Amino acid sequence: MKASAPGKVILFGEHAVVYGRHAVVTAINLRCYAEAKKSNKIRIESPIATTGLDFEKHPYVSHAVKRFMEVKPVGGVQIKIDSQIPVSSGLGSSAAVTVSVLKAMDAEFNAGLSDDEIFELARKVELDVQGIGSGTDPFVSTHGGAWLIPERKRLNLPDIKILIVNSGESSVTAEMVARVAELRGEMEEVVEKIFDVIDAVAMKSLSMESFSKLFSVNQCMLKAIGVSTKNIDEIIQQLEELGVAAKITGAGGGGSVIGVGSYSALQRVKNIFGGVIVEPEGEGVRIED
Ligand code: PMV
């Protein structure tokens, strides 16, 4: 059986959300596809490699298979992964691969798991691999749609298109979270105020039709806490000159930049910088025919 699950972008609130502030997150219409077939051994095939259970090359898939087997013992499985979501770019590819593998195995072996149970298993896999994590990525990938975090309240976003441009640098979430913690340790009262601004921006976005100005303010705050880079600053400035307001999405230090603006401006920027234009995705994990 084949299943798919979407990636996500953080529209507002990364880093501040670690300290209890709000974030706005949405699933996007880039999906990871996973096929599971009964077999007498375990085989995992992806664009990265073909392996058995391999916690180094395929950490998320391997832990997902292991966690699934704890719920429903099976002799083996052949997994095939095919993803539209770039890896290490803050777009939730790890959660999407985990959730889609669990759903495909659930269907192939008739385990009868609900989506909530799939989320719970995916949440365990996130912790198995990363040790820490808020659970937001597997939650959004399982359920689809847009959400206010930490409440996990479903949101209705305005009709928007989002340009995603890869900065060309990779983003290591744990490193950037540690860097922000260090800055906060040095000047807590200053950094807490920046988090308050980010929180206000996230809340304001719930009643604004256009995100352009809010993207710019949020990006300035992310720069202030040291998670932008010279390269990202330059990309964002060039995008702004072309009529696209942009910000980091996710942990920063690299990864993806997201931009909003008129469709023609997004197309223009895409032609110059590459990237992909996406939209919020309502549907979470699903079985593919
Ligand atoms: O880069 P991502 O998609 O892993 O997002 C990280 C978001 C942070 O707020 C920086 C950390 C977190 O766990 O919320």
Side-chain angles (χ1 to χ4, degrees), residues 5-28 30-32 59-60 83-99 119 122-142 146-152 162 164-185 191-192 194-199 201-203 205 215 218-219 221-229 232 246-258 276 278 280-281:
K8 67 97 194 22
V9 291
I10 300 178
L11 290 170
F12 301 100
E14 46 276 271
H15 289 289
V17 73
V18 176
Y19 298 90
R21 305 324 197 271
H22 290 98
V24 175
V25 184
T26 182
I28 54 173
L30 295 180
R31 304 184 78 88
C32 177
Y60 290 92
S83 185
Q84 304 169 330
I85 312 164
V87 296
S88 301
S89 329
L91 300 179
S93 68
S94 308
V97 78
T98 306
V99 169
F119 162 67
R123 169 82 182 118
K124 284 184 184 156
V125 170
E126 180 179 63
L127 296 176
D128 289 338
V129 180
Q130 299 168 199
I132 53 163
S134 64
T136 302
D137 283 17
F139 181 81
V140 174
S141 189
T142 302
W147 298 86
L148 183 67
I149 306 295
E151 289 86 347
R152 292 189 179 161
I162 306 157
I164 303 177
V165 176
N166 193 320
S167 70
E169 302 159 309
S170 65
S171 169
V172 184
T173 304
E175 240 170 59
M176 301 317 290
V177 169
R179 191 187 292 189
V180 172
E182 196 184 324
L183 186 71
R184 183 172 173 272
V191 173
E192 284 291 322
I194 297 175
F195 291 156
D196 286 339
V197 173
I198 294 175
D199 183 75
V201 167
M203 294 311 287
S205 76
F215 263 36
N218 198 154
Q219 175 58 24
M221 295 301 122
L222 289 168
K223 186 166 155 60
I225 55 171
V227 299
S228 197
T229 64
I232 289 177
K247 66 180 277 292
I248 287 164
T249 185
S256 304
V257 167
I258 54 173
V276 51
V278 302
E281 165 74 33

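As the structure lists them, so they are numbered: ligands from 1, and atoms in each ligand from 1. Predicted model, so just to flag it, every value in this text is computed and none were measured.
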With V9, which of T26, V140, L30, V24 fulfils side chain to side chain contact (heavy atoms under 4.5 Å, CB included)?
T26
If we ignore angles and hydrogens, is there a donor and acceptor under 3.5 Å between the side chains of S228 and Q219?
yes
Test log, rule salt bridge (Lys or Arg N to Asp or Glu O under 4.0 Å), inputs R31 and E281
CA-CA 10 Å; R31 304 184 78 88; E281 165 74 33; 3.2 Å; yes
Please determine which of L148, V17, T136, D137 meets the side chain to side chain contact (heavy atoms under 4.5 Å, CB included) test together with V25.
T136
Do other residues, nucleotides or ligands put more than 12 heavy atoms under 6.0 Å from the CD atom of E151?
yes
Evaluate the ring planes of F195 and Y19, with Trp represented by its six-membered ring, and classify them as parallel (under 30°), tilted (30 to 60°) or perpendicular (over 60°).
parallel
Around ligand 1, what residues show up once you keep those with a heavy atom under 4.0 Å from it?
K8, I10, E14, H15, V17, V18, G90, T173, V177, G250, A251
